[in-house]
Structures are given as structure tokens and as C-alpha cells.
Protein chains: 2
Amino acid sequence: MADTLTATALTLKDIAREAGVSLATVDRVLHNRPGVRPDTVRRVKAAIERNAFQPHVAAAELARSRARRFAFVMPAGPNPFMQQIEAYLGEMSAWLSARRLGVEMVATDVFDPSVLAASLETLSGDYDGVAVVALDHPGVRAAINDLVDAGTRVVTLVSDVPSSRRHHYVGIDNIAAGRTAGALVGRLVGQRSGKVAIVAGSQGLRDHSERIFGFSQVMASEFPDLSVLPVLEGRDEDGRSEQVLARLLGRHADIVGLYNVGAGTQGVAKALSDAGRGKQVVFVGHDVTALTRRLLLQGVMDAAISQNPGHEARAAVRVLLALARGEPILREQEKIRIDIVMRDNLP
Amino acid sequence: MADTLTATALTLKDIAREAGVSLATVDRVLHNRPGVRPDTVRRVKAAIERNAFQPHVAAAELARSRARRFAFVMPAGPNPFMQQIEAYLGEMSAWLSARRLGVEMVATDVFDPSVLAASLETLSGDYDGVAVVALDHPGVRAAINDLVDAGTRVVTLVSDVPSSRRHHYVGIDNIAAGRTAGALVGRLVGQRSGKVAIVAGSQGLRDHSERIFGFSQVMASEFPDLSVLPVLEGRDEDGRSEQVLARLLGRHADIVGLYNVGAGTQGVAKALSDAGRGKQVVFVGHDVTALTRRLLLQGVMDAAISQNPGHEARAAVRVLLALARGEPILREQEKIRIDIVMRDNLP
DNA sequence: CTCAAAATGAGTTGCGTACCTCAAAACACC
DNA sequence: GGTGTTTTGAGGTACGCAACTCATTTTGAG
């Protein structure tokens, strides 16, 4: 009836006794310090395994006096999504200080590889962990690898650099996000046939191009009655997005679906409304902000694909902390889901 | 450029000096122990406020030696959703034991108020915290209140008892979940008109009736072309669900939508398939299990409304721990979202 | 067998808090 | 002023581990 999940509370001393060695030797093994015969290492590790021993995290944390410092390298300038991440980190401040963790924001131009790489290089040695919104570029990859080699824990945030040796990626699978957007547009358009427009920031951005790829894949394979128009580039700016979309709407009267891949949502919505086609066109975009929330409630947007920024911020901190402590990562917990947000499940 | 988020690392000794009292007095104030003049209490609290002092959680945890014990009171018998919660708790075992936390499962008949209440009473005193899948009933409410009065922290899990004095509810808003299901069915049906069927476990269950309420609300107000048929009760069993639905499908050729409120999904799917209407009827249900995953991939189910069981398990533990430690709860983090899961964003 | 190097034991200190005891001081009351 | 009560101070111990020193034992090479 009452089924217990946790082990008994052994201490290092118990492990030492079990392995027939002294506390000092267990300590050496536990921290990979030199001067222990391979055979002894094995005996100690066996004792640890056998008892499923976990060092008491509170005791370990207390003993190592030194506070941990993490850096968050984020885009400079006004990006609502990034501001949300920063805000959620702010909400954690009591949590952080109760654990004597220091989190510092470093603003930089993440779109310029050399600037970003240089920013990363300056962090070396000063921090126990770094979270970075990274551009996928050889220079950046090298900078990340240097940090890792210097013993800093690195997680990529929102945008990944899979070819680097970063310890973890906190963000969504953008191809799947694009596929989800495609399925939604296709299903919500229903029986109608017609054309589908795509507005992106730039196809040079990895996350945008991956989303477009996934979207197109689904449209081609599952919704043959819908034809996808060439991708418009709005550079994530409202004005330009509005302009290019307005022109396209003028030329095609049979547009039934619209996928906005990045930002510039305000402009996209305005072009739709001005053309008087807000209700006929199925409009799917990304992220839940004050604006998209309003558009969803008004029925202008039909769905938003979202990655929970609060979750991303907290997951990044937790992952960095677990890495620094040598604790296992709860993969399931730290995985960022692709949220489908419609009017009735607005968070 | 580098903007720091966290406070400096003061200790109790610093606070004592600031307030002009001894460590012992600060300790008395911090733990609401008697024997301190009101005026002195004020001075100490002021010093704490002024410095935004947070006790070092690791030190506090270490000092109080006594391990914490939590109990999870869950339904006995084979319920896949509950089994998932249990499995996720199992995945946390390393995390738990590194913090010297004991989590025990208590299986009981949560559908019988008196049995459930009795189970809760037996826990009094033995646990620092209790998470319970609770039926909303006066006897249960009283049992919960008794636990709270005895100093045990209580969170309701999945199913709430809002009228009790439980400290926290970990679960979704079921009315909103029903609304979301309704919006999905309506939108995915598209231009067609016809009838919509509802299969529930029992309308006596609070979560089921709330979901039906939300679903009907949306259908009535936003999809006037769809008419909702009377609710079928399948008691969350496959056989009975299949039987009642098969009969209904036989009587109505114009069913275009189906909402399965609870379990019994296997039977519902079978009735649909056997009638050869798997593809024409928009089928929305709850929870991501091995079965619903398969049905989504096959295209039999169109969407699943899901509350992440892993998140619920971990949130319950974190909330109980925060309550026990007197730490603030990260509301945003512990809030359970209503996930819309379609084929392309299957977790 | 000898000797240096490697491996190990034994012990100390400190981290910041909880929890406890005992004595001293301050206070209230008659 | 004396009495009893309340408030405060001072100090200690313990929690489990990290990080260190130094002495001692074991090992392997010559």
C-alpha cells in the first residue's frame, strides 16, 4: 500500500567503511582527484553504486563556499520574446539568492558572428555556466568549444549550435514547430482550396528556415489542394512585413492561409485587416505576447505556436546548475514543448 | 551591459549585527519562537527586509537533519494517467534522494469519500506534506482541513477541492480544457454542419462535468451549425464506451464531431472504426498515452487535450518542498497548462 | 634489498543554519 | 527594595561534505 521511492540516508563515511578505505580516498574518487590506484577507484565506485549513494546536495553546496555565477548572453535591442525571458529570470531572484546563485545578463549583437564570438571569449573563466542565444556559425562554434574546454558549462538557448560541444540545448525543435503550423493551417482551412502565404524574418536564420522547411513538408504531403506561395521576407520588422504582405494580398484573391514565421506580427495583422480579409484567411504565427494574445482573442489570429519563455529561462538555470553540481538532468522536465495556443487555452 | 540579478551573500550574523541583537534572537524571530518583545521583532524583521536577506537554503536544509517525507494519495487500480504520474516520480528518485526527500505512494479508493477521508486521517503527523487526488466531498474536505491544521502541507492533484484550505492545487482548469476541446472540434469540422457526440466517464465526477460544461458553452455560442447530442456515460471503461457509442452512431448518420471526456478511449476508437467513420468524424480526446499517441499518428484522433503528467508530478513535489521550507512558490512554473497535442507536436 | 614515488589514512577546518542550554539582564508588580 | 517573570545574550553542537595538510604505508623499479 505504501510504496517508498527513496533510498536510505547514507553518508560518505558509510561508503568509506563499505569500501574499506578512508574518507579521504572516497573524496578523491568522487572528485576525480589523482593519486588513487585504479583498483581502489573501482572498489569505491562499486560501493557507491551498490548503495545508490547520492551525496547530500545541501551539504555539498554548503561546503564549497564559492558562489556560482551564470551568464545569459542575449540579443541587445527590443525583442519582446527575449525581454520575457529576462523578466522570468527576474522573478526567480529570491530562488536564486536563496541558493547563492548569481545570474548576469550580457547583451550583445547575436546576429554578428564575430561580435558574438568575442563576447563569449570574454566570459571565459569568470563564470561557472553560460547560456547563449547562439547563431550557428563556425566562429561561434569555436568560441563555444573554447568555453567548454575551459570547464565552463554551456547551454544554447532558443537557437542551437548542434555542431558545437555545448552541453545542452534549451529550446524547441523548429522543424516540428513548422510542421505543427502547417498541420494547423491545413486543418483549419478545411475543405477550401487556395493559396498559402509565408512571411519570415529571413531565411538566413536557422530557426526560421527550419520552420519553413517543416511547414512546406506538411503542406506538400498532406494538403495538395493548397499551394504555397514563395516566402516573403519581412526582416522581423512591422513596416516591411506589412508592405510585402499587402502587395501579395493584392495580387492573389484566393489566399486562404497565412503563416507568420517570426516577429513583425503587428504589420502582418495590419495588412490582413486593411485588406478586409482578417476573418477569411487562416492566420497562424508564433509566440504569445500581448499583441498575439489580443489578436487571438479578436479572432484575427487562429493559433500561435509557442515556446514557453518562462520555462526556457528556468530550464536553462536548472540545467546549468545540475551540470555544475554534477547532478543528472531531468530530461523530461527540461524539454521545451511546442505549445499550440488558441483562444481558449491562452495561458 | 552585464546586469546582475542577485543579492549579496549576507548571513544571519550580519542581520544580527545590523539589528543590534544576538544570533539567538534573530533565530527566534525567524522561526516565530516566543519570548521576543514585539518591538525587537520589528527591528529584526526590518533588518531582514532592508537587506532582502534570504537564509541559505542549503545550510538550512543541512542543519535540520530530519529528512522530509511526502505522501502521494492516488487511486488504486489500473489508471494509465496515474501510472504515468507514478512513473515520473520514480524518474526523480536520484533527485529526491540527493535532497534526502522521501516520497511514498498511498493507494486508496479515491472515489469513495469515506475511504479517502479515512486514508487521509491515518497520514496525520507522519508526513511533512501530502499530495492527494481528491474527490470534492464534505468528508474529504474536512479530512484535508484536519491535515492542514495539524501542520501538514497539502496540495490537491489533478482534481481540486476548492472549498478546503489546501495550500495549492496542481492541475488544469477543466472548464477551460472543455472549451479548448470545443473550439478544436468546431474549427476542425470546418464548414460542415451536423451533430456532435460526447462520451464521458460519469457526469458525477467534477472534472468531467466541468469539461462538458466548457465544451457545451463553446459549441452553443460559436458553432450554431453543430448540435450537441446528449452525453453518453461510459464509466471510463472500454467495453461500455464502445457499446453506447456504437448504438449512437447507428442512429445518427450525420455525426461530424466526437468529444471523449475521460478514459475508455480504446472502446471509443473501436466503435468509430467499426462503423467505418474514423476519418469523417473529428475526434478529440484527453491525455497522451501509448494508445492516444497511436490514434493520433493513424489519424483516427485529431487532437488530444493533455495535462503533462510529468509536470504535475514534479510540480507537486516542488510545491510541497517549497511550502515545507517556507520558500515562495514560483506560480508561473507550477501552473499546469492545457496542452493541445496533434500529430506533429507529439511530445 | 633499497629507495623514491605513489597511494592511502587520519585529521582539521569551515560553510550557514537549526536547535538547545544556561546565565544574565531587563522589566513589571507590589 | 525585593520578587518573580520575561527577554536577551553567549555559546555549544550537529548536519554532511569540500578541501586541505601531513604522516604513514604500500608499491614498483633498479
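We name chains A, B, ... by the order of the sequence lines, and we start the count at 1 in each one. Keep in mind it's a predicted model, so treat the numbers as computed, not measured. We use all heavy atoms of the structure for the numbers below, so side chains are in, but hydrogens, waters and symmetry mates are not.
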I'd like to compare against my own output: the B/S/- annotation of nucleotides 4-17 of chain D with a strict under-4.0 Å heavy-atom distance to protein. ---SBBB----BBB

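A salt bridge links B:Arg325 with B:Glu61; the closest basic N to acidic carboxylate O contact falls under 4.0 Å. Taking 4.0 Å as the cut-off between side-chain N and carboxylate O, A:Glu18 and A:Lys13 do not count as a salt-bridged pair.
Mapping heavy-atom proximity under 4.0 Å, the span of DNA chain C touched by chain A runs 5' to 3' from C:dA7 to C:dT17.
With sequence neighbours left out, the side-chain hydrogen bond (donor to acceptor under 3.5 Å, both in side chains) criterion links B:Asp160 to B:Thr156, B:Arg166. Every residue was checked against the side-chain hydrogen bond (donor to acceptor under 3.5 Å, both in side chains) condition with A:Arg153, not counting sequence neighbours, and none meets it. Every residue two or more places apart in sequence or in another chain that forms a side-chain hydrogen bond (donor to acceptor under 3.5 Å, both in side chains) with A:Ser163 is listed here: A:Arg141.
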Kindly determine whether B:Val319 and B:Leu323 satisfy side-chain contact (heavy atoms from CB on, under 4.5 Å), including the steps that lead there. CA-CA 6 Å; B:Val319 168; B:Leu323 287 169; 3.8 Å; yes

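Side chain of A:Ser124 to backbone of A:Glu121: no donor-acceptor contact under 3.5 angstrom is found.
When Watson-Crick and G-U wobble pairs are counted only if both distances are under 3.5 Å, D:dG30 pairs with C:dC1.
Within the structure, salt bridge (Lys or Arg N to Asp or Glu O under 4.0 Å) contacts touching residues 312-323 of chain B (residues at least two apart or in different chains) are B:Arg318-B:Glu334.
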